[in-house]
Amino acid sequence: MTTIAQLPPVISVGPGDLTALSQAGVLYAASVGQLTVGLQPAISVPSGALLGRQSIGAGAPETISLGAGVVMQAGALAANGADHAGFPVLGAMSLTDELVANVSGQPGLLPVAALRGLFVAGDNVAIDDNGVISVTLSSVTGPAGVAGPQGPAGVAGPVGAMGPAGVGLTGPAAGNSASAVGASDYVALWQNGALAWMTYGQFLGGQTIDQLPAAGPAADSDELMVAQGGNTLSVQSFGALWSYVQGKLPSVLGGVVELSANTVLDATTHNNRILVASAPMTLSANFVNMGSGFFCRLVNLAPGPVTMGTGITSGSGSIILPPGAMTDLMGLSYSGGSLVWWSGVTPNAPTITIGSIIAPALNIPFTVSGGVFNDAPTALDYSIDGGVTWVAAASPVITQNAFSFTMPGLNPGVYAIRVRDHANVAVLGVSNNFTITAPSVSLGAVPGSLLVNQSVSLAGTVLPANAGVQVGLSTSQTVAPSAWVAANVAQGAWSATLTPMTVGDYYVWVSQSADVAVQAVSGVVSVVAASLSVSAVASGMAGSALAVSGTVTPAGDAVGVQLSTQNTSAPSGGWTPAVNNAGTFTVNITPQAAGTYYVWAQDAAAGTDAVSGAITVSAAAALTYGINNPGSSYVHGVSTIPLNGAINPPQGVNTQVALGVSATVPPSGGWVSASVIDGNAIWAAYVGTPATAGAYYVWVQTASGGSVAVSDFTVTVT
């Protein structure tokens, strides 16, 4: 009977291959695809990546990005406090603030007020509820002694001569801070029950650090000054410091330096570092810049070799470090001289590597290339599904140390290319992950109406971010424009300008230049010719409103109107906004004097204007003002006095009001403009109370000083 061990081995296994399977005591044939269906494919993760699931629903793992304040260190998540950088800086603390504290390994909040509990007042010292520290007076002065008897007064002696003024006891001003201390600076002392000063030089005896005797070689018993748990100095030996340092050494992490181009090693950047080669390169060395004892560890994570160049000596004679290999380099000085050395011992296992792949465009063929080491394939296979299925690479170019072939275009998705030696499937390389995104283009908001020969700015987004974009106008929402305008594209955003040349309904189209099928189309845009008309009544009276109306295209444009005594050129300013209702506008304008007028209308957005026919305005009827008594009394200089009265006959005339102390002499100032309301039949105003108490008359007149009226009552101001 033939055993399994006697069967010939297969070169490769595919999902359609069969194997024997016993089911309910009966022997069946089962395909490899049936046995492996539903199995999780191997997950290939680049170094330093974090996987999780951020999309909705179950699915494949996805790369998770780290936010501010969190980093990946030695394969673990660690907080570095970078998220604190955006916290506001407080100018001062208050008793209601809280601090973060470590409570038995757990975070907790500590009120600032609770910090006071850490301090205890010593003898003859008190701390009140506001944190003020004071000294008990009795601790400074002793008890008063018994007064002795008073002796007889002596004879007053002559007044002595006044001596020269002394230098006095002076010191630095309170509240300042010293950036440096010199021998002539002062130190405060309490001496014999009084304040005194001495120079800093006296305090140190005049000795400076450069005057100290030179120390011998350092020993474990030598001592340094340290402060522990407060500002009190104590001594610590070098031996104790070394024990402290030894305990910290296991937690020290080596620095990692990435190399991506030809590099000359030096001690400043590369000593005691882990060097990671991310691209094929040549390393060189200059022993003078490194020194004896230099050490670094080199890891080749590039798709090609690292070549040991000038200044590096190999123990085996080899100068190539293949991908995936690691070695140490050292600077050595000995009796035979000085050199930078590496073992030259490298793995001999056959290796295929794949160069970094940048995501290609959708369905566009692209090149896959890489390195071949200690292998001589004549044919290559590739897989895009994690090695489930393999396809023979078409016409690969294979040399002693490299290969390349063309991949067909791919659909949208996340891929990693696997390449293997067709004759030795154990020799396998895996590329980086890359994502192919379906192309797209979007169109931002477009106005519903435009003017002929008026430019409109358009914008949107595009994927891939560097794809060309074109825009155009079409009279159809389904038929593309016959002419296109190239858009400006930058970092996935595009912008362009279009100018419609004829009146009609259009659609704005945007598409990728290389693939018109990737498109977006706006809603209908009405292109119209600007127009404006205005009309008004043929006659009116000064002070009475004139009804004005008209039409405007585009219907949504704002319209301003103004009265003018001429109809040859539009006014330069002073426009009154009209009410626009879907292209029909209305407004009331009041002429102040008799004469012939014209109403001008202007559409500033479209740059159009129009003028009405002549309007004959007759003089207003004789005007009489009435004045109502506000009653009560008012305090001088406080608040205002509400005043109002009648306008007969009603008319929209500019009116002003003031308070005066005389019924015959008008006020010299203090006139306030009044509002004309209630169909131009009432004037009203608020007038500030005078600064001086007294009885005041109310004066009313037109803005030009006509139709003067004076009240027959006075307003009392106290």
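Just so it is clear, the values below take in all heavy atoms, side chains as well, and ignore hydrogens, waters and symmetry mates.
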Could you give me the CA-CA distance, side-chain angles and deciding distance for Thr499 and Ser455, then say whether side chain to side chain donor-acceptor pair (under 3.5 Å) is met? CA-CA 4 Å; Thr499 304; Ser455 298; 2.8 Å; yes
Practice task
Begin from the C-alpha positions of Tyr625 and Leu623 and carry the test side chain to side chain contact (heavy atoms under 4.5 Å, CB included) through to its verdict.
Solution key: CA-CA 7 Å; Tyr625 285 114; Leu623 174 64; 3.5 Å; yes
Fill in: Intermediate values then yes/no, side chain to side chain donor-acceptor pair (under 3.5 Å), Gln656 and Ser673
CA-CA 4 Å; Gln656 60 185 11; Ser673 296; 5.8 Å; no
Does the pair Val510 and Val508 meet the rule for a side chain to side chain contact (heavy atoms under 4.5 Å, CB included), with working shown?
CA-CA 7 Å; Val510 57; Val508 176; 5.8 Å; no
Stepwise, does the side chain to side chain contact (heavy atoms under 4.5 Å, CB included) test hold for Phe366 with Ile364?
-> CA-CA 6 Å; Phe366 61 98; Ile364 301 298; over 6 Å; no
For this session: May I have the step-by-step check of side chain to side chain contact (heavy atoms under 4.5 Å, CB included) for Val698 and Val710, ending in yes or no?
Result: CA-CA 6 Å; Val698 180; Val710 183; over 6 Å; no
Margin query: Apply side chain to side chain donor-acceptor pair (under 3.5 Å) to residues Thr478 and Ser476 and explain how you reach the verdict.
Written below: CA-CA 5 Å; Thr478 57; Ser476 170; 3.1 Å; yes
**OP:** Applying side chain to side chain donor-acceptor pair (under 3.5 Å), run through Thr461 and Ser442 and close with a yes or a no.
**Re:** CA-CA 5 Å; Thr461 59; Ser442 69; 2.6 Å; yes
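The backbone N or O of Ala681 sits nowhere less than 3.5 Å from a side-chain atom of Asp678 that would complete a donor-acceptor pair. Listed for the Gln701 side chain is no donor-acceptor partner under 3.5 Å among the backbone atoms of Trp699. Side-chain atoms of Gln512 come within 3.5 Å of backbone N or O of Ser440 as a donor-acceptor pair. Judged purely by atom type and a 3.5 angstrom limit, Gln566 uses its side chain to pair as donor or acceptor with the backbone of Thr568. With hydrogens and angles ignored, the 3.5 Å screen pairs a side-chain donor or acceptor of His636 with a backbone N or O of Thr718. Listed for the Asn580 side chain is a donor-acceptor partner under 3.5 Å among the backbone atoms of Ala555. The backbone N or O of Thr664 lies less than 3.5 Å from a partner atom in the side chain of Ser662, making a donor-acceptor pair. The closest donor-acceptor contact from the side chain of Ser513 to the backbone of Val469 lies under 3.5 Å. Checking side-chain atoms of Ser612 against main-chain N and O of Val599 turns up a donor-acceptor pair under 3.5 Å. Distance alone, capped at 3.5 Å, is enough to place a donor-acceptor pair between the Ser711 side chain and the Phe713 backbone.
Contact record, Ala658 with Gly670: CB-O, 3.7 Å, taken as the closest heavy-atom pair. Smallest separation of non-hydrogen atoms from Ala578 and Phe585: CB-CD1, 3.9 Å. Closest non-hydrogen pair, Tyr507 versus Ser522, comes out as CD2-O, 3.4 Å. The two residues Gln602 and Trp575 come nearest to each other via the heavy atoms OE1-NE1, 3.5 Å. Closest approach of Asn453 to Met501, counting heavy atoms only: OD1-CE, 3.3 Å. The shortest non-hydrogen separation linking Met407 to Ile384 is CE-CG2, 3.7 Å.
Side-chain contact annotation: Thr586 with Ser549, donor-acceptor N/O pair under 3.5 Å absent. Between the side chains of Thr596 and Thr616, no donor-acceptor pair is found at a separation under 3.5 Å. A donor-acceptor pair shorter than 3.5 Å can be found between the side chains of Tyr506 and Thr502. Side-chain atoms of Ser544 and Gln651 include no donor-acceptor pair closer than 3.5 Å. Side-chain atoms of Thr624 and Asn648 include no donor-acceptor pair closer than 3.5 Å. Thr716 and Ser633 are not linked by any side-chain donor-acceptor pair at a separation below 3.5 angstrom, with hydrogens and angles left out of the test. Donor-acceptor pairing under 3.5 Å is recorded for the side chains of Ser511 and Gln470.
Once rounded to the nearest 0.5 Å, the distance linking CG of Asn629 with CG of Asn644 reads 10.5 Å. Atoms CG and OH, from Asn567 and Tyr598 in turn, are 4.5 Å apart once rounded to the nearest 0.5 Å. Atom OH of Tyr415 is separated from atom CD1 of Ile436 by 5.5 Å, given to the nearest 0.5 angstrom. With values rounded to the nearest 0.5 angstrom, Tyr634 atom OH is found 6.0 Å from Ile641 atom CD1. One distance of note links CG of Asp97 with CG of Leu109; it measures 11.5 Å at 0.5 Å rounding. To the nearest 0.5 Å, atoms CG (Asp609) and CD (Gln562) are separated by 12.0 Å.
When Asp557, Thr584, Thr608, Val534 are each tested for a side-chain contact (heavy atoms from CB on, under 4.5 Å) with Val552, only one passes: Asp557.
Two residues are said to be in side-chain contact when any heavy atoms from C-beta on lie closer than 4.5 Å; Leu458 and Trp494 meet this criterion. Leu451 places a side-chain heavy atom less than 4.5 Å from the side chain of Val528. Within the 4.5 Å cutoff, no side-chain heavy atoms of Pro408 are placed close to those of Pro365. A 4.5 Å side-chain heavy-atom check between Val700 and Val708 finds every atom pair outside the cut-off. The shortest distance between side-chain heavy atoms of Val617 and Ser539 does not fall below 4.5 Å. Taking the side chain as every heavy atom from C-beta outward, Val446 and Val525 approach each other to under 4.5 Å. With contacts defined as side-chain heavy-atom distances shorter than 4.5 Å, the pair Trp600/Val561 does not qualify. Under the 4.5 Å side-chain criterion, counting only non-hydrogen atoms from C-beta, Asn411 is in contact with Asn363.
When the shell of 6.0 Å around CG of Leu77 is examined, it contains more than 12 heavy atoms from other residues, nucleotides or ligands. More than 12 heavy-atom neighbours from other residues, nucleotides or ligands sit within 6.0 angstrom of CG on Asn102.
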